Every structure is written in C-alpha cells, then in structure tokens.
Amino acid sequence: MKITKTLLAASLLSAATPTFAGEVEVLHWWTAGGEANAISVLKTMLEQQGYSWIDFGVEGGGGESAMRVLKTRAVSGNPPSAANIKGLDIQEWARLGFLTSLNQVSDKENWDNVIPNIISNVMKYDGQYVAVPVNVHRINWLWANAEVLKKAGASVPTTLDEFFVTADKIKAIGVIPLAHGGQPWQNATLFEVIALDVLGSEDYIKAFVDLDMEILGSDKMVEAFTQFKRVLSYVDDDAPGRNWLEATSMVIKGEAGMQIMGDWAKGEFSAAGKIPGKDYICAPALGTSGKFTYNVDSFAFFELHDEENFEAQKALASTILNPKFQEVFNLNKGSIPVRVDMDMSHFDQCALDSMQEFKSSAKTGDLVPSMAHGMSTTSYVQSAMFDVITNFFNDSDETPEQAVQRLVKVVKSSM
Ligand code: GAL
C-alpha cells in the first residue's frame, strides 16, 4: 500500500514537472548566508520547469576570484551558460564575441518596458540584450546594532561628524565601533561612500566615471583620503583579510556597532532572523542621504552551440525577470527588484527606502554608479584604484597627499 502511494506520488510529480534535456551552468559568488538562499531560488525555479542546474559558485566577496576562474574557462572554449558579469565588463565580453543575443526573449516579454533605461542600456550590446539584470543593490548604507547604540547612548549618525561622535561612544563601552574587512573591494566600498559624502554627486561622477584628473587630484580628494584614514581608526586590528560576512556577523552579534556596506549585508541580518528597526538599523551612510550609489547584479549569457542548452538559457533569462522570482530573490539578497512595476508589499522598510531613494535620486542627479562594484569604469581602472586605496589602507606612513598623487598617476596609465 505504502509503495503504491509513493509510486502514485512520483508519477503525479513527474506529470507536473516537464523534463527537458537542457541544462544551465551558472557562475556566481553567492556561496553563503542570505546570498546562497537567494541564488537557490533561481535553481529551484529552473528545475521546476524541467531544466538541470549546474552550480558554479566560486567563493569570494566582490567576485574577483569568480572573474578569474571565468576567464580561464572562457578562454579554453568552455564557458558556462551564464555568469554574474556586471557593468562595463558586459560590453567588453560582448565586444570579444563571447555573448549571445537574448532578443527572442526580451522582445516577447517587453523588457524595455519593465527595466529602467539606465540599467537596460548596460545590458545591451549593439542594441541586443546580452545580459539580464537581477537586482539593484545600494552601496551607501550604514548598518547598526540597535542594542549596542542604546547601551552606548549613541544615535544613528547622519553626517561624518556625527559618525565620529557615535563611534567614540561605542568605543567607550568596549565594543568595536566599525566592523570592516581589509580586502581591496571592501576598502574601495568604504572609500567610495566617504568620497561620495566629501565630493558630492557631481564631483564623484567626474572622478569615478569621467576620470577627470582635476577632481582626482583635488584637495577634496585629499580630504576624502584624510577622512577615510580617520574612519579606519575605528576598525579593529584583525580587519585585514576578513571577509564581509564575518564583519556583518560582528554587528549582528553586537561585537561591533556599525558596518558600512551594500545591502547584501541585510541578507545576512534577515538570514539570522533579525528585524530592521528593532534589532538593527539601516540608514544612509554618513552624510549621503538622498544620494544612491547603485550596483546592479546581472547575468551575461554566453554563446553555446547546443540547441537544448540554448532553450534552457532562454528559460533562465525569462525566469530572472519573472516577478515572483524578483520578489523572493531580492527578499533574500537584501537588494530591491530591478523591475519598476513590482508589488513591494512584502518588502521591509530598508527596501522601501531604497526603492524610494533609487527613484528620487535619479531626478536630482544623485544616482551614481559604484566604482568598487564595477559600475563606473573599466576593470583596469577599477583595479588601479583598488591598489591605491588598499595600499593606503595598509601603509600607515603614506599621507593622503601621496595617495592622491598615486591615484592620478595610476589612473592615467590604465586609461
Ligand atoms: C558585489 C555583488 C553583490 C555581493 C557583493 C559581496 O559585487 O554585486 O551581489 O555579492 O559583491 O560579495
């Protein structure tokens, strides 16, 4: 009897789930915590449509290791179906002839109508979609442990000056004021938030998008490095090499008071069952309220020669923009949906604030692309900037003036 029931259940299941031979292999670096939960939603939804999923997760925040592995695979003629490639890198991969057009899907589903232009432009090469955006992350966030702030008698800072007051109060109760991991991409993440505050949106864009040497070499940039050093003095000595998950977990556990990090950090708070506004606070970092540094994750699609796998790729592309997927993925990931027509009723206050500022900052010229996450410039210039910032992080003898001189020099030579 038992066996019969099981058999029946199995046959019902197979009747409900079509099976296709096509498979997708997907490269990403979302291997732990909220991020792993988020990507597993995509896997499940693809499998429910009868396709196979080969997970190609390469550990390492910011994706540097993943990109290295991808290059090796692609150059040897064996690319995955899709990979998390972002910003200007999409154009570079397309220009080299690696990517495939998704216009069969995008035309049918009218992607141009549901994705903001500022994002769809980056996804297209020669007028054809070659990548699909999955979310919008905001970088300029400050995360704080509510209990620690309360114990310290400190309030959520809304300017750089207030940050130092709060940090001193947290320090006075024996808690690390700022959780940080001294990896190049994390250093650059923190630096660009401070730079946005110090420079303002217009000069931020001149420096990190236009690569305007006058701004890159300006006194304001010296000031950004000066403030960066001051902020770093509130970080503990174990920061070098620490990954961002550990830093976030220090805030979750109350071992540190604050972290400045993109909202994938919220994915960790959510995965730990923490509630915004109660257990932790999300607030625009330092004095960057009204400004929005964006980081859009997207999957670029590689040209494959197997027809069935191409079908699976199209299903993957379509699923990424499916409203249900957009909702569940972004609830786990901490980001906001990339579709502009979404019902946001299941999202928390941090996400609602993010969506609101994403829209309003676009009107005031305060929506700026993240340098640290590959949105503002080529990977060559980006890695030159990472070197200067991380060298400054590691070398306590280097002055802000020297860092700025180096910045101008290396950016010039990598353009
Ligand atoms: C970013 C990526 C985010 C998150 C973060 C930490 O570059 O866009 O989705 O994964 O790295 O690894």
Side-chain angles (χ1 to χ4, degrees), residues 26-42 55-70 82-90 119 122-123 131-141 143 179-193 208 241-249 251 259-271 292-300 320 325-326 328-338 350-351 354 358 368-379 382-383 385-386 389:
V26 183
L27 178 116
H28 61 89
W29 56 91
W30 301 330
T31 54
E35 300 200 315
N37 295 343
I39 190 73
S40 75
V41 178
L42 190 54
D55 198 63
F56 191 178
V58 179
E59 219 171 280
E64 265 175 272
S65 315
M67 287 304 106
R68 254 195 313 276
V69 175
L70 175 64
N84 185 6
I85 298 177
K86 306 190 297 176
L88 297 186
D89 277 359
I90 297 173
I119 295 174
V122 181
M123 304 297 136
V132 192
V134 63
N135 62 1
V136 180
H137 272 302
R138 185 186 195 185
I139 305 296
N140 54 319
W141 276 121
W143 309 94
H180 179 69
Q183 297 175 328
W185 75 270
Q186 289 189 67
N187 295 333
T189 300
L190 179 59
F191 178 77
E192 76 176 15
V193 173
F208 298 113
R242 175 189 286 143
N243 74 41
W244 71 269
L245 285 169
E246 274 174 58
T248 305
S249 146
V251 181
Q259 183 183 20
I260 291 174
M261 183 50 65
D263 41 20
W264 45 92
K266 198 187 76 185
E268 290 306 298
F269 283 97
S270 306
F292 192 117
T293 315
Y294 66 88
N295 169 26
V296 174
D297 285 306
S298 49
F299 286 98
I320 290 173
F325 169 74
Q326 284 281 312
V328 185
F329 175 87
N330 285 299
L331 284 172
N332 283 294
K333 187 77 167 73
S335 36
I336 53 171
V338 71
C350 309
S354 185
F358 178 60
V368 306
S370 165
M371 174 276 289
H373 296 276
M375 298 288 117
S376 78
T377 178
T378 63
S379 48
Q382 184 204 34
S383 85
M385 289 183 172
F386 278 21
I389 296 164

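Note: hydrogens, waters and symmetry copies are ignored here, and every other heavy atom, side chains too, is used. One-based numbering, in listed order, for ligands and for the atoms of each. Remember, it's a predicted structure, so these values are computed and weren't measured experimentally.
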W264 and W244 aromatic ring geometry - parallel, tilted or perpendicular at 30°/60° bounds: perpendicular

Parallel, tilted or perpendicular: rings of W30 and F329 (30°, 60°):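 The arrangement is tilted - the two ring planes meet at 30° to 60°.
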
Cation-aromatic face contact K266/W141, 6.0 Å, 45 degrees: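 No, K266 does not lie over the aromatic ring of W141.
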
Any donor-acceptor pair under 3.5 Å from E35 side chain to K333 backbone: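 Here the side-chain-to-backbone pair does not exist.
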
Check against side chain to side chain contact (heavy atoms under 4.5 Å, CB included), F299 and M123: CA-CA 9 Å; F299 286 98; M123 304 297 136; over 6 Å; no

Neighbour list for ligand 1 [protein residues, heavy atom under 4.0 Å]: W29, W30, E35, G61, G62, K86, H137, W185, W244, W264, N295, D297, K333, H373

Heavy-atom neighbours of E246 CD exceed 12 at 6.0 Å: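 It does: E246 CD has more than 12 such atoms within range.
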
